[in-house]
S.K.: 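I have a structure I would like to understand better, so I am pasting it below and will then ask my questions one at a time.
Position 1 is the first residue of the sequence, and the numbers go up from there. Each ligand, and each atom within it, is numbered from 1 in the order the structure gives. These figures come from a predicted structure and were not determined experimentally.
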Amino acid sequence: MTPSGPHAVVVAGARPNFIKVKPVLDALEAAGVRTTLVHTGQHYDDAMSGVFFADLGLRRPDHHLEAGSGSHAVQTAAVMTAFEPLLDELAPDVVVVVGDVNSTLACALVAAKSAVPVAHVEAGLRSGDRTMPEEINRIVTDRLSDLLFAPSPEGVDHLLAEGARPEDVHLVGNVMVDTLLACRERAHARPTLAELGLRPGGYGLVTLHRPSNVDDPAVLEGLLAALGEIADRCPLVFPVHPRTAGRLAGRLPAGVRALGPAGYLDCVALQMGARLVLTDSGGVQEESTVLGVPCLTLRESTERPITVTEGTNRVVGCSRAAIVSAAVEWLDSPPPPRRPALWDGRAGERITAVLVRSLGRRHDGQLSSTRVPASRPIAERDTNPSVHS
Ligand code: UD1
Ligand code: UDP
């Protein structure tokens with residue numbers, strides 16, 4: 001396709017977004033689709049942004065919105081205010097948003113109001129917990145999106161149950177896994193463990209950054225106490241997210257070693273070598289499943305239940321006793337490795353195949369409105385909807 005052909009604006013703003021856009025950008029470019037990469041600036045430190053561009057070989061963003069940190073309203077509004085005039089100027093055929101961060105919602109909302117079709121990668125995930133800011137972002141982004149790319153079948157079920165048209169929903173697999181599989185060998189070759197004096201299988205890895213875990217001092221204290229008990233049996237390393245860094249104030253139990261936020265390849269290397277992962281991260285639940293490493297999710301729910309039913313994850317909640325007893329159990333008898341179907345490294349290609357079809361139709365003036373219709377009662381919905389893949 002020529003530069004005057006279809007044009008996709010791809011949005012990334014926060015750490016997990018950079019990892020998710022890489023395979024989509026690569027596949028779109030391989031298919032000859034013109035892409036514009038927009039960095040919203042939600043994450044801006046080198047350790048939260050720059051290192052991912054270097055590790056992933058992600059090209060420099062074409063536009064940087066410099067939205068920065070703030071309350072939800074301030075941050076979302078900053079992204080929207082900067083994205084709106086840019087979108088007017090770019091006039092793309094589609095805006096591709098990934099994941100569930102504030103930048104995802106902000107850009108989806110601007111695009112939808114500008115009548116630019118929105119494609120949501122990682123659609124349909126639901127934790128069922130609306131106290132999670134990400135759950136609000138997921139619900140609203142999906143409602144606004146024209147193309148819904150689900151990583152797993154339960155995502156499809158949620159979308160259909162909420163009234164999405166089956167023809168807009170595509171089961172494509174998991175882009176985070178695309179990047180993981182593409183980078184696994186490079187991560188393995190890194191001297192990460194040696195430089196930290198760690199031996200494979202000789203430590204556990206911790207990541208924590210959910211506001212429900214780290215913003216409430218009582219909850220954080222219980223989690224740290226649990227980590228201290230586990231560290232008596234298995235030393236822990238803890239690359240600390242900047243949100244969490246402000247809350248820890250140096251009070252880590254013995255045996256728990258804090259590091260700065262890890263770069264992507266280092267984080268994958270740390271997961272690959274870990275005997276156990278303890279996390280509240282969405283992406284780490286998925287990656288540990290694909291790497292076959294036992295994972296305990298320190299939350300009351302997950303929007304990624306497939307990592308439990310078809311992976312190595314267990315959701316243990318946040319109570320000290322429950323976390324410690326699950327950790328002891330899995331240190332003694334780890335779960336067998338398993339991997340969900342379609343988590344095979346080809347999600348970016350599947351997404352691109354759908355986008356190319358849709359963009360081609362739009363360019364030929366044939367793209368009809370594909371907006372998600374108003375929710376209909378279950379009885380009126382197709383009982384056996386076909387889902388496009
Ligand atoms: C955000 C996402 C969350 C995602 C996480 C990935 C929302 C609502 N939350 O959470 O879904 O799991 O990113 O890591 O979008 N900060 C820095 N340097 C940075 C970025 C942030 O120091 O480069 C600090 C700031 O003090 C900021 C705080 O971290 O206030 C939180 O950042 P923010 O992007 O608002 O939320 P996260 O907790 O990172
Ligand atoms: N990650 C990283 N360094 C870290 C912690 C996580 O590179 O110190 C990677 C991790 O391997 C995964 C992604 O960041 O690819 C997950 O992002 P995060 O946990 O910040 O957000 P979530 O997935 O919970 O939205």
Side-chain angles (χ1 to χ4, degrees), residues 12-22 39-56 66-76 78-79 97-107 122 125 127 131-138 140-141 151 174-180 182-184 187 192 205-215 237-247 258-272 274 277 279-291 293 295 297-299 302-304 307:
R15 177 164 76 183
N17 291 174
F18 308 131
I19 299 154
K20 291 169 194 174
V21 296
K22 169 69 174 159
H39 188 325
T40 68
Q42 176 170 347
H43 285 175
Y44 41 84
D45 287 345
D46 188 57
M48 297 298 288
S49 173
V51 68
F52 294 89
F53 284 75
D55 277 5
L56 298 169
E66 298 183 355
S69 301
S71 69
H72 288 281
V74 166
Q75 187 174 61
T76 307
V79 176
V97 296
V98 299
D100 55 14
V101 302
N102 285 344
S103 300
T104 311
L105 167 65
C107 293
E122 205 179 84
L125 300 193
S127 66
T131 67
M132 275 185 96
E134 295 83 359
E135 185 76 349
I136 308 295
N137 293 344
R138 292 176 196 125
V140 180
T141 302
N174 188 320
V175 284
M176 194 146 231
V177 175
D178 287 15
T179 301
L180 176 64
C183 294
R184 194 166 45 170
T192 314
L205 174 68
V206 179
T207 83
L208 291 176
H209 72 280
R210 299 257 93 85
S212 58
N213 277 342
V214 304
D215 287 359
V237 290
F238 184 178
V240 180
H241 186 285
R243 171 185 288 280
T244 312
R247 275 64 171 175
L259 312 171
Y264 179 68
L265 294 173
D266 287 335
C267 193
V268 172
L270 285 169
Q271 288 184 70
M272 290 169 95
V277 169
T279 192
D280 59 12
S281 158
V284 172
Q285 291 175 61
E286 298 176 338
E287 290 167 345
S288 51
T289 268
V290 170
L291 296 171
V293 176
C295 175
T297 293
L298 311 189
R299 288 173 41 189
T302 181
E303 61 291 326
R304 292 161 164 92
T307 59

S.K.: Considering non-hydrogen atoms of the protein only, which is the closest contact for atom 2 (C) of ligand 1, and what is the distance?
M.R.: V101 CG1, 3.7 Å
S.K.: Could you check whether any side-chain N or O of D55 sits under 3.5 Å from a backbone N or O of F52, counting only pairs where one atom can act as donor and the other as acceptor?
M.R.: no
S.K.: Identify, for atom 25 (O) of ligand 2, the protein heavy atom at the shortest distance, and state residue, atom and that distance.
M.R.: P16 CG, 3.5 Å
S.K.: Heavy atom to atom 25 (C) of ligand 1, shortest distance: which of G283, S69, P133 holds it?
M.R.: S69
S.K.: Got the closest protein heavy atom to atom 19 (O) of ligand 2, with its distance?
M.R.: S281 OG, 2.7 Å
S.K.: Among all the protein's non-hydrogen atoms, which is closest to atom 23 (O) of ligand 2, and how far away is it?
M.R.: G283 N, 2.8 Å
S.K.: Looking at atom 31 (C) of ligand 1, what's its closest protein heavy atom, distance included?
M.R.: R243 NH2, 3.8 Å
S.K.: What residue and atom, counting heavy atoms only, is the protein's closest point to atom 3 (N) of ligand 2, and at what distance?
M.R.: A262 O, 2.7 Å
S.K.: Please check if the side chain of S288 supplies one atom and the backbone of Q285 the other of a donor-acceptor pair under 3.5 Å.
M.R.: yes
S.K.: Check this for me, if you would: do R243 and D215 make a salt bridge, where the nitrogen-to-carboxylate-oxygen distance has to be below 4.0 angstrom?
M.R.: yes
S.K.: Any atom of ligand 2 sitting under 4.0 Å from a heavy atom of V268?
M.R.: no
S.K.: Have N174 and E286 got a donor and an acceptor in their side chains that come within less than 3.5 Å?
M.R.: yes
S.K.: Is it the case that ligand 2 has an N or O less than 3.5 angstrom from some N or O of P239?
M.R.: no
S.K.: Could you tell me whether the side chain of T104 and the main chain of V101 form a donor-acceptor pair under 3.5 Å?
M.R.: yes
S.K.: Are any of the N or O atoms of R210 closer than 3.5 Å to those of ligand 2?
M.R.: yes
S.K.: May I have the step-by-step check of side-chain contact (heavy atoms from CB on, under 4.5 Å) for L208 and L298, ending in yes or no?
M.R.: CA-CA 8 Å; L208 291 176; L298 311 189; 4.1 Å; yes
S.K.: Could you tell me the residue and atom name of the protein heavy atom closest to atom 4 (C) of ligand 2, and the distance to it rounded to 0.1 Å?
M.R.: R15 NH1, 3.2 Å
S.K.: In ligand 1, which numbered atoms sit nearer than 4.0 Å to a non-hydrogen atom of Q75?
M.R.: 34 (O), 35 (O)
S.K.: Could you tell me which atoms of ligand 2, counted from 1 in the order shown, lie closer than 4.0 angstrom to a heavy atom of M176?
M.R.: 12 (C), 13 (C), 15 (O)
S.K.: Return the residue, atom name and 0.1 Å-rounded distance of the protein heavy atom closest to atom 15 (O) of ligand 2.
M.R.: E287 OE2, 2.5 Å
S.K.: Look at atom 39 (O) of ligand 1 and say which protein heavy atom is nearest, naming residue and atom and giving the distance to 0.1 Å.
M.R.: H43 NE2, 2.8 Å
S.K.: Among all the protein's non-hydrogen atoms, which is closest to atom 16 (N) of ligand 1, and how far away is it?
M.R.: Y44 OH, 3.5 Å
S.K.: For atom 22 (P) of ligand 2, what is the closest protein heavy atom, and at what distance to 0.1 Å?
M.R.: G282 N, 3.7 Å
S.K.: If the cut-off is 4.0 Å to any non-hydrogen atom of Q271, which atoms of ligand 2 fall inside it?
M.R.: 11 (O)
S.K.: Any idea which atoms of ligand 1 are less than 4.0 Å away from a heavy-atom of H241?
M.R.: 14 (O), 37 (P), 38 (O), 39 (O)
S.K.: Judged by non-hydrogen atoms, does G263 sit under 4.0 Å from ligand 2?
M.R.: yes
S.K.: Report, in ascending order of atom number, the atoms of ligand 1 lying under 4.0 Å from any heavy atom of M48.
M.R.: 23 (O)
S.K.: Within the 4.0 Å heavy-atom shell around E134, which atoms of ligand 1 are there?
M.R.: 3 (C), 9 (N), 11 (O)
S.K.: With only distance considered, is H209 within less than 3.5 Å of ligand 1 through an N or O on each side?
M.R.: yes
S.K.: Among all protein heavy atoms, pick the one closest to atom 18 (N) of ligand 1 and tell me residue, atom and distance.
M.R.: D45 OD2, 2.8 Å
S.K.: Quick one: nearest non-hydrogen protein atom to atom 6 (C) of ligand 1, plus distance?
M.R.: P16 CD, 3.4 Å
S.K.: For atom 22 (O) of ligand 1, what's the nearest protein heavy atom and its distance?
M.R.: P242 CB, 3.3 Å
S.K.: Given the side-chain rings of H39 and F53, with only the six-membered ring counted for Trp, is the space between their centroids under 6.0 Å?
M.R.: yes
S.K.: Checking the N or O distance criterion of under 3.5 Å, is ligand 1 in contact with H72?
M.R.: no
S.K.: For atom 34 (O) of ligand 1, is the nearest protein heavy atom under 4.0 Å away?
M.R.: yes
S.K.: To check you understand the geometry: which heavy-atom pair defines the closest contact between I19 and Y264, and what is its length?
M.R.: CD1-CD1, 3.6 Å
S.K.: Looking only at heavy atoms, is any part of C267 under 4.0 Å from ligand 2, and if so is it the side chain, the backbone, or both, or is it neither?
M.R.: side chain
S.K.: R210 heavy atoms, cut-off 4.0 Å: which ligand 1 atoms fall inside?
M.R.: 3 (C), 4 (C), 11 (O), 12 (O)
S.K.: Out of curiosity, R210 CZ to T244 OG1, how far, rounded to the nearest 0.5 Å?
M.R.: 10.0 Å
